[in-house]
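The structure appears below as structure tokens.
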Amino acid sequence: MSFSRLAACACLLLATTTYAAEEAGPGRDPAQPVDEGYTRKIREYTTEPFFLSPLVDYLPASPDVPTPQAVLGDVAGAPGKLPYAADVYRYMRLLESRSPRVKVRTIGRTEEGREMIAVAVASEPLLAAMDDNRVRLGKLADPRTIAMDDAEADRLVAASFPVYYVTGTIHSPETGAPTALMELAYRLAVDESPYVRYIRDHVVTLITPVVEVDGRDRQVDVYNWHLAHPRENWPPLVYWGHYVAHDNNRDAMGLTLNLTRNVLGEYLFQKPQVLHDLHESVPFLYDNTVGDGPYNAWLDPILTNEWQMMGWNNVSEMTRLGMPGVFTHGDFDTWSPGYLMFIAASHNGISRLYETFGNAGADTVVRRLSPDEYARTWYRQNPPLPRVSWSQRNNNNYEQTGLLVSLHYFAQNAPAFLRNFYLKSKRSIEKPRLEGPAAYVFSADEPRPGAQAELLRVLQRQGCEITRATAAFDVPMPVRKPKDKDKDEAAAGADKSSAEKPKTETRHFPAGSYVLRMDQPYSRIADMLLDYQYWSPDDPQKHPYDDTGWTFGELFGVQVARVADPAVLAVAAERVSGEVKSPSGLEGSGPVLAVNHNADIGLVALRYRLKDASFEAAEEPFEAGGTKFARGSFLIRGVSTADAGRVAGELGLKVQALAAAPSVKTHPLRAPRVALLHSWLSTQDEGWWRMALDQLKLPYDYISVQTVAETPGLRSRWDVMVFPPVGRTAAAIVAGMPRWGNPLPWKTTPLTPNIGRIDSTDDMRPGLGAAGVQSLRDFVAGGGLLIGVMDTAELAVSYGLTQGVALGRAEKLKAPGTIVRARVVDAASPIVYGYADSFSVYTADGPIFNLSNLAGGRGRRRPPEETERATGRGTADEPDLPQGRPFAEPPEEPKAEAWEALPLTEEQRRNPIYVIPPAQRPRTVLRYGDAKELLVSGLLEGAGDIAKHPAVVDVPVEKGHVVLFSNNPIWRGETLGSYFLVFNAMLNFDQLGAGRTLDAE
Ligand SMILES: [Zn+2]
């Protein structure tokens, strides 16, 4: 009998042992001694008796195993005690060394090199059998390995025990989880009460006590500063992780952050059935996975039912224990798959998320709730108290009680949940023949092979298997409605075809095309990422919690074919081993190297990697060496072919050596000196920009608005200032924080060793100020390029840096993280080099730009087609004829499209003091699509407010330029397709006027 068979038998025995515990409620084992001192402190630090439960109102004593006090010097949740991650790990490893029921392993490192761990707690037999159990769970997770045999699955279920994965403090100001999880690990290892023993004997609890380790250590620094300066205001936590703050919990799609990759890695390794992420915001415990609609549309309904089972059980059990303010229905939709917990939802597990109440630190304070927080509703019959003294211990009581109740319920129903785990996995494999599609296909003739490879690598990281066709093949595809054509024609076509069956056409894919088959266990995450999203404006949910559209093919600028016909699964293909790589390297020979501009992001890295070579950009398309090159393509001289070939290989780019330069107009393409600007108000959104530049290894200086205000002669140091969105109003970015109270330092000191390293200041409060605005104006006037995005674009407009641009007011617009169609207006502008005439961009209620040829002008306001004739004689399309004189034909009113400025009138030209000279007028490069075609994916309401308006405007200002973005081109590592709008502007910063046709007057 093999070892694994032995282990299986042991588990079978365990599962069938009749436990008194099955009936036993929560509560201590009277035979086990209690740690009296610790228990006294628990009660002392809990502010009301009903904030305790019989599960946590005592701590069992152990002769061998130290309590959290050994590391904290006090109990978990004690006031004034916030341990660093290293202290939490020290305790977990102490537990491991003293208890045979605890195992700790490293699951990876953060961006700043800090360790992440996972702690497994279970009975000795379970821990000893974990490796064998993992093999069984692996078979349930991939039923192809057991030939989809339900009977075999039943045998595996009977022999297996589940794994329940808990993750803490991904959001750094939400501080309670680490101490709660230290104490929970202790209880699970030591407590002899039947209730806790039952958990430990039936389920492995896996714990990552600190997810955002870099942010945790910074938060503890800030808290310690606060303790050392009790009468002062303390600095807000402006940096959490190395790159992003709250958005670290929006990375489960793009997988750009180490913390997401590490938790996903542990998930794919351990095959847990649950991933339960702990947060703090809502009083007192909101189990928000039940939440509210709309639910993510690609989930197996088995999962959404499991949410209901676990969520309502949680409410019911904690209500029985007398704890107020526990609920599970509420204002959180589970539409977006970006949350960390969703790693489980999108990989056949169960996602859960708690919001408990926290004080952002370990002070005990009086908290006053808002009426909507304490109101009694049908789903919250025992609501939180309106005014409450709240402690970190209270928080720890709720977190631990909720988790113990959940673990017990899960343990009791382990076979059912394991069976569901298998069923969800099996149904994911059956996807081609159930709801479909059969596969997603990525063509070998993709114009952007670099972006295609990156998209496929994201899918590989998600655990998806990719195959590559060994021969060409054809598949039938539905014919898309002609959205791009003239709208009348399209409307007529739609009317005619609406009654007909959808037509199909044959689509040809060359050999080497990638096929992502849907008959694999993790097909759901591929479908979620690659399909289109539609959120109805009539949806009862009026507050989307996050982005409503994310279709990755559109955001990456890559063609993705959704193939429904299962025949595609018969295409000859081989499994891709290792990471997908785009075709790269150097071909041909000759002194001039040509690189086609296709907006693949590796191109910008190439410019910097070969910084001493001479680069020129072709201002027109050309053909050379039998290859077609797009406008903007690079012509490189002064570098050895060997070096160029090596770098191109590393960057996944193709370079063609030519015997002679083609005859095409060119301009120099420099490697500019770049500064990335941030405000001290928030670094959340700029973090995604910083990460994009770092990943491409682009050199830049990272400076704050205060540096801009204080540094004379910015132009002598930098060529380009990139000012990513701040997430605040333009006025707030200029004003900064109020100046009353004490200065708020963000600096590295012995007391605060983890902060002040990304950037530092003696006082976070001052903003850009009038001096900073003036510095930026001088920088641009002196030949620099300023890039403003959303709110920082509004800043440039409203503080007078750009003439001829005005901000329109949205009447009905609702685009809360939506993919929309954009159209190139001026293909000769270097900003759109490498782009097709029309492509998708991400927008989140971006500003509405109106252009004018007059300084201070508000731009056109009403489309001409909406202007109707005045009241008078005749029919609607006849002119009014005044009585008593001959009719005078009125001159034609000036007309312009929404992305253009109105032509000047004779009246305006007579004394043209406000007229902007043609060379200084704003140039619309990219505009939003027409209202009917605007929505690509997500929710869009009031499209008319922004349709046809400029999306990207290049504003010449004396010797320099300001480039304004209404869309956000760099967002969450998901919008690779629009990155190059920014990189083009940077590389061509002193040539942005290229290809421009000036107005005649
Ligand atoms: Zn949170």
Side-chain angles (χ1 to χ4, degrees), residues 251 253-256 261 264 439-470 472 509-517 520 522 525-526 529-530 550-563 571 573-587 595-607 609 627 630 633-634 644-656 691-698 834-836 839-840 970 972-980 983:
D251 188 47
M253 291 192 267
L255 307 177
T256 60
R261 292 185 185 189
L264 174 65
Y440 283 94
V441 181
F442 305 74
S443 181
D445 59 13
E446 165 65 46
R448 278 187 183 168
Q452 183 192 63
E454 182 53 31
L455 176 52
L456 289 166
R457 286 194 290 268
V458 171
L459 292 160
Q460 285 182 311
R461 281 179 208 125
Q462 290 281 6
C464 296
E465 300 163 4
I466 312 282
T467 60
R468 196 166 190 198
T470 51
F509 292 98
S513 294
Y514 293 99
V515 180
L516 199 160
R517 304 169 63 101
Q520 58 173 303
Y522 298 146
I525 181 63
L529 295 180
L530 300 173
W550 53 81
T551 310
F552 265 37
E554 297 288 348
L555 291 180
F556 276 62
V558 169
Q559 298 172 10
V560 178
R562 185 180 197 271
V563 180
V571 164
E574 54 195 18
R575 174 89 184 268
V576 175
S577 60
E579 283 198 330
V580 171
K581 294 251 192 302
S582 55
S584 63
L586 189 135
E587 284 171 18
V595 184
N596 181 44
H597 200 327
N598 60 0
D600 261 347
I601 57 174
L603 289 169
V604 69
L606 182 71
R607 179 64 195 95
R609 291 281 296 276
T627 309
S633 292
F634 296 179
R646 180 177 45 78
V647 173
E650 287 165 16
L651 296 173
L653 297 171
K654 271 173 126 170
V655 177
Q656 189 155 354
M691 186 181 75
L693 298 188
D694 283 354
Q695 284 175 346
L696 287 161
K697 300 194 173 72
L698 304 188
Y835 283 93
F839 56 96
S840 292
I970 299 186
R972 294 181 176 171
E974 298 172 4
T975 58
L976 262 62
S978 52
Y979 279 19
F980 230 101
F983 298 151

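Bear in mind that the values here come from a model prediction, so they are computed numbers and not experimental data.
Side chains of N596 and N598: no donor on one and acceptor on the other come within 3.5 Å.
Annotation: the span from L976 atom CG to L455 atom CG amounts to 9.0 Å, rounded to 0.5 Å. Between the CG atom in D600 and the OG atom in S584 there is a gap of 11.5 Å [rounded to 0.5 Å]. Rounded to the nearest 0.5 angstrom, E465 CD and R575 CZ are separated by 4.0 Å. For the atom pair CG of L516 and CG of L456, the computed distance is 7.5 Å after rounding to the nearest 0.5 Å. Note that the CD1 atom of I601 and the CG atom of L606 stand 13.0 Å from one another [nearest 0.5 Å]. If you take OH on Y979 and CG on L693, they are separated by 9.0 Å, rounding to the nearest 0.5 Å.
For the side chain to side chain contact (heavy atoms under 4.5 Å, CB included) with R609, the qualifying choice from L696, V604, L651 is L651, the only one to do so. Tested against Y514 for a side chain to side chain contact (heavy atoms under 4.5 Å, CB included), the candidates I466, V441, T467 yield a single pass: I466.
You'll find the side chain of Q559 reaches within 4.5 Å of the side chain of P447, heavy atoms only. A heavy-atom distance below 4.5 Å is found between the side chains of Q460 and V580. Here the side chains of Q462 and Y522 are not in contact, with every heavy-atom distance at 4.5 Å or above. Using a 4.5 Å cut-off on side-chain heavy atoms (C-beta onward), T256 and R972 make no contact.
With hydrogens and angles ignored, the 3.5 Å screen pairs no side-chain donor or acceptor of T975 with any backbone N or O of L555. For S582 (side chain) and G652 (main-chain N/O), a donor-acceptor pair under 3.5 Å exists by modelled atom type. Put simply, the side chain of E446 gets close to the backbone of R448: a donor and an acceptor are under 3.5 Å apart. Between the side chain of R468 and the backbone N or O of E574, no donor-acceptor pair lies under 3.5 Å.
Residues that satisfy the ring-ring contact (aromatic ring centres under 6.0 Å, His included) test with F442, not counting sequence neighbours, are absent from this structure. By the side-chain hydrogen bond (donor to acceptor under 3.5 Å, both in side chains) test, Q452 pairs with no residue at all, sequence neighbours left out. Not counting sequence neighbours, S978 has no partner by the side-chain hydrogen bond (donor to acceptor under 3.5 Å, both in side chains) test.
Scanning all heavy atoms of the two residues, the minimum distance from K654 to P583 falls at CG-O, 3.7 Å. In plain terms, the two heavy atoms of V595 and S633 that are nearest each other are O-CB, 3.3 Å.
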Original post:
Checking side-chain hydrogen bond (donor to acceptor under 3.5 Å, both in side chains) for the pair Q656/T627: CA distance, chi angles, key distance, verdict?
Top reply: CA-CA 9 Å; Q656 189 155 354; T627 309; 2.8 Å; yes
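A cation-pi arrangement is not found for R457 relative to F552, the charged atom failing to lie both closer than 6.0 Å to the ring centre and inside a 45° cone about the ring normal.
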